[in-house]
K.L.:
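Can you read through this structure? Questions will come right after.
Below, each value reflects all heavy atoms present in this structure, side chains not excepted, and no hydrogens, waters or symmetry copies. So that the names make sense, note that chain A is the first sequence line, chain B the second, and so on, each numbered from 1.
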Amino acid sequence: MSDPREDEGQPGNFVADRVREDLESGTKGGRVVTRFPPEPNGYLHIGHAKSICLNFGLAALSPEGRCHLRFDDTNPEVESPEYVEAIRRDIQWLGFDWGEHEYYASDYFDQLYAWAEQLVKKGLAYVDSRPLEAIRETRGDFHRPGENSPFRDRSVEENLELLRKMKAGELEEGSAVLRAKIDMQSKDLKLRDPLMYRIKKVTHHRTGDTWSIYPMYDWAHGQSDAIEGVTYSVCSLEFVNHRPLYNWFLKALEIEQPPEQIEFGRLNLSYTVLSKRKLLQLVEEKHVAGWDDPRMPTIAGMRRRGFTPEAIRAFADRIGVSKNDGVVDVGHLEYAIREDLNETSFRKMGVLKPLELEITNWPEGKVYEAELDNIPKNDEAGTRKVPFSGRVFVEQEDFMEDAPKKWWRLAPGKEVRLRGAALVTVNEVVKNDAGEVVKLQCTWDPESEGGNAADGRKVKGTVHWVSADHAVDAEVRLYDRLFAEDDPSDLLESLNPDSLEVLTGCKLEPGIADLPPESRIQLERTGYFVTDARDHVPGEKVVLNRTIPLKDSWAKLAKKMGVRK
RNA sequence: UCCGGUGUCGUCCAAUGGCAGGACAGCGGACUUUGAAUCCGCGAAUCAUGGUUCGAAUCCAUGCGCCGGAGCCA
């Protein structure tokens with residue numbers, strides 16, 4: 001807490017340091033204006049969340065600071081209003097508010113065009129009337145300088161006339177482009193007369209058929225920043241190479257108080273792909289059920305999986321911001337969600353793979369109301385009552401006929417606690433013809449109501465249960481990592497065949513039936529779950545998605561001891 | 001190979017010429033009516049070589065590794 005930066009939700013990172021310095025020195029007139037600039041051609045993912053947290057966090061460094069939401073919609077071929085809506089929804093859900101500052105690069109098409117004519121008039125831009133291949137060939141490469149276009153020295157009048165024809169739709173697609181006149185010999189390939197406009201006779205989702213030419217990213221982005229008065233244009237590392245061009249345009253246009261581009265390392269996550277192209281492929285080829293499939297690293301998918309905005313923000317804060325191009329271990333994300341859910345989710349009991357357990361000496365018809373904490377060590381969260389009777393379901397996994405050392409759960413002759421209810425001992429194991437265990441016959445210690453022995457003897461093992469007469473049936477979807485490889489470079493090869501297991505006939509404690517969709521709970525000893533946003537219908541159909549299992553140190557131990565399951 | 005960026009515990013991030021620190025992961029223990037959580041403890045790093053300096057992760061030089069760049073994508 002001695003470090004004030006911790007209180008600002010922007011723990012030490014080099015961008016925030018810069019903003020603080022500028023604030024102190026008054027370099028930018030005390031202004032902090034950032035922007036989050038998605039192209040509406042896909043859903044936002046956890047990598048975008050990092051950027052969103054950074055940009056909004058930076059703006060929060062100053063009381064007057066603000067962060068704009070700007071849709072970078074300069075390529076109508078791939079963009080759509082569906083994505084605009086999804087992006088707005090996701091950012092809001094994450095907990096950020098851009099107020100009235102919602103903008104679109106397409107709002108600036110007129111201004112951009114006027115500026116383009118201005119550059120033509122200054123002799124800083126020209127129309128190149130050659131096909132794509134010719135332009136590409138004369139650009140040169142890493143070792144070879146480019147060659148000037150034969151059209152490079154057209155007169156201002158001719159350039160203007162051609163540019164106007166491009167705009168009016170009088171020229172064919174691909175027949176001409178507007179290029180900035182910089183330096184075909186530059187070592188920096190981005191400066192070899194970059195394209196500003198291309199002809200695209202495509203309907204734009206906002207401007208309709210008004211335009212036949214659309215600006216390229218480099219021509220649109222910095223200028224949009226300038227129009228909005230952005231002070232810090234924060235982007236990811238792959239744009240470092242664009243910065244000289246970014247600044248060239250601003251200078252050519254004589255923009256006062258030009259925005260400043262600052263690059264940081266975008267998020268890479270192990271066992272995850274964070275490329276819009278690949279995510280789109282997963283959706284289109286139906287390897288997942290959609291953009292909001294709970295296995296997707298999209299905001300929408302994570303939301304449906306049961307993640308909280310708080311956990312995602314804590315994750316973003318904790319991984320920090322730098323110019324290193326690293327890969328964050330998903331373990332960091334998993335820790336963040338467990339940390340939040342542990343403190344906030346109400347506890348319930350549920351048996352995923354039921355095994356019947358009958359207490360032979362339980363008084364006929366007796367129902368005991370077990371009182372359990374909603375959240376242990378949190379008095380404000382209160383308690384709940386859970387009905388317990390002589391016939392309950394326990395987890396198949398919690399019983400072993402030949403128990404290894406250090407097995408504290410159900411086994412023949414072993415006394416175990418049914419959480420909050422009773423101490424029981426297995427006397428008889430009932431099997432079917434196939435030799436499978438179908439039922440456990442137990443006796444209970446009538447002096448152990450609530451789960452404590454009257455004589456104070458310690459019982460190490462505690463197991464969860466659901467009363468057979470009161471249980472609610474449910475479908476439970478167990479999600480695991482979408483990819484089996486930490487680096488899923490070859491996308492399809494790396495897919496985890498077991499990323500989804502759908503369980504039916506699960507038995508849950510009664511209260512769960514009435515939970516509204518998107519309710520997050522912990523199933524004790526099992527994991528964190530959320531009622532599905534689409535398929536869970538209160539009072540009718542219970543559908544749970546597993547967000548993440550609880551840590552399981554027994555599994556670790558068992559593995560070490562070589563216990564087979 | 002040219003231009004640019006970047007090299008610190010297994011991973012991510014700090015240390016802004018002055019004791020290399022935190023988080024996650026791992027390991028050990030305590031506690032436990034969740035084998036969860038919590039608590040305590042342990043191990044673990046400055047790419048290499050040379051130089052400047054009383055003192056270098058930090059400055060300089062050389063080398064090496066990794067990433068990005070030759071879309072009418074963003």
K.L.:
Is it true that the side chains of Asp193(A) and Tyr126(A) contain a donor and an acceptor less than 3.5 Å apart?
P.N.:
yes
K.L.:
Would you mind telling me which residue lines up with the more 5' stretch of RNA chain B, Leu372(A) or Pro37(A), judged by nearest nucleotide?
P.N.:
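Upstream on the strand: Leu372(A).
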K.L.:
I want to verify a distance call: between G35(B), A25(B), C72(B), whose nearest atom is closest to the Arg525(A) side chain?
P.N.:
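Of the options given, the side chain of Arg525(A) lies nearest G35(B).
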K.L.:
Give a yes/no on whether any side-chain N or O of Arg338(A) is located under 4.0 angstrom from OP1 or OP2 of A25(B).
P.N.:
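Looking at the OP1 and OP2 atoms of A25(B), neither is under 4.0 Å from any side-chain N or O of Arg338(A).
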K.L.:
Does G28(B) pair with anything, Watson-Crick or G-U wobble, both distances under 3.5 Å, and if so, with which nucleotide?
P.N.:
C40(B)
K.L.:
Write down the distance between CG (Leu269(A)) and P (C13(B)), rounded to a whole number of angstrom.
P.N.:
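Rounding to the nearest Å, CG of Leu269(A) and P of C13(B) are 12 Å apart.
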K.L.:
Could you tell me if Thr138(A) and Arg130(A) have a donor-acceptor pair between their side chains, going purely by distance under 3.5 Å?
P.N.:
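Yes, Thr138(A) and Arg130(A) have a side-chain donor paired with an acceptor closer than 3.5 Å.
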K.L.:
In whole angstroms, how far is the P atom of G69(B) from the CG atom of Leu191(A)?
P.N.:
17 Å
K.L.:
Under a plain distance cut-off of 3.5 Å, with no hydrogens placed, do Ser186(A) and Asp188(A) share a side-chain donor-acceptor pair?
P.N.:
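No, no side-chain donor-acceptor pair sits under 3.5 Å.
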K.L.:
Counting distance alone, no hydrogens or angles: does the base of G7(B) have a donor or acceptor under 3.5 Å from a partner atom on the side chain of Asn324(A)?
P.N.:
no
K.L.:
Give me syn or anti for G7(B), where syn covers glycosidic angles within 90 degrees of 0.
P.N.:
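Here G7(B) takes the anti form, which means its glycosidic angle is more than 90° from 0.
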K.L.:
Just the rounded figure in Å: distance from P of G7(B) to CG of Leu237(A).
P.N.:
10 Å
K.L.:
What integer number of Å spans the C1' atoms of U49(B) and C13(B)?
P.N.:
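Between the two C1' atoms, the distance is 28 Å.
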K.L.:
Report yes if a side-chain nitrogen or oxygen of Arg130(A) is closer than 4.0 Å to either non-bridging phosphate oxygen (OP1 or OP2) of C72(B); otherwise report no.
P.N.:
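It does not, given that no N or O in the side chain of Arg130(A) lies less than 4.0 Å from OP1 or OP2 of C72(B).
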K.L.:
Which is more 5' along RNA chain B, the nucleotide nearest Leu418(A) or the one nearest Glu133(A)? Just name the residue.
P.N.:
Leu418(A)
K.L.:
Determine: side-chain N/O of Arg192(A) to OP1/OP2 of C3(B), distance under 4.0 Å, yes or no.
P.N.:
no
K.L.:
Tell me: CZ of Arg243(A) to P of C3(B), nearest whole Å?
P.N.:
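Going from Arg243(A) (CZ) to C3(B) (P), I get 17 Å.
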K.L.:
Go through the N and O atoms of the side chain of His242(A) and the base of A74(B), and report whether any donor-acceptor pair is under 3.5 Å.
P.N.:
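Answer is yes: a donor-acceptor pair is held.
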K.L.:
Counting distance alone, no hydrogens or angles: does the base of A37(B) have a donor or acceptor under 3.5 Å from a partner atom on the side chain of Lys377(A)?
P.N.:
yes
K.L.:
Starting from C1' on G5(B), measure out to CG on Asp188(A) and report it in whole angstrom.
P.N.:
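About 13 Å, once rounded to whole Å.
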K.L.:
Between atom CG in Asp329(A) and atom C1' in A25(B), what is the gap in whole Å?
P.N.:
7 Å
K.L.:
What nucleotide among U16(B), U33(B), G35(B) has an atom nearest to a side-chain atom of Asp17(A)?
P.N.:
U16(B)
K.L.:
How about Glu39(A) and Asn41(A): does a side-chain donor come under 3.5 Å of a side-chain acceptor?
P.N.:
yes
K.L.:
Could you check whether the side chain of Arg409(A) and the base of G35(B) have a donor-acceptor pair of N or O atoms closer than 3.5 Å, going by distance alone?
P.N.:
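Indeed, a donor on one side and an acceptor on the other fall under 3.5 Å apart.
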K.L.:
Against Phe239(A), only a single residue in Phe264(A), Tyr217(A), Tyr246(A) fulfils ring-ring contact (aromatic ring centres under 6.0 Å, His included); can you say which?
P.N.:
Tyr217(A)
K.L.:
Between C3(B) atom P and Glu238(A) atom CD, what is the distance in whole Å?
P.N.:
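Spelled out: CD on Glu238(A) to P on C3(B) is 22 Å.
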K.L.:
Just by modelled atom types, is the Thr298(A) backbone N or O under 3.5 Å from a matching donor or acceptor in the Trp291(A) side chain?
P.N.:
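Judged by distance alone, no pair lies under 3.5 Å.
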K.L.:
Given atom CD of Glu524(A) and atom C1' of G35(B), what is their separation to the nearest angstrom?
P.N.:
13 Å
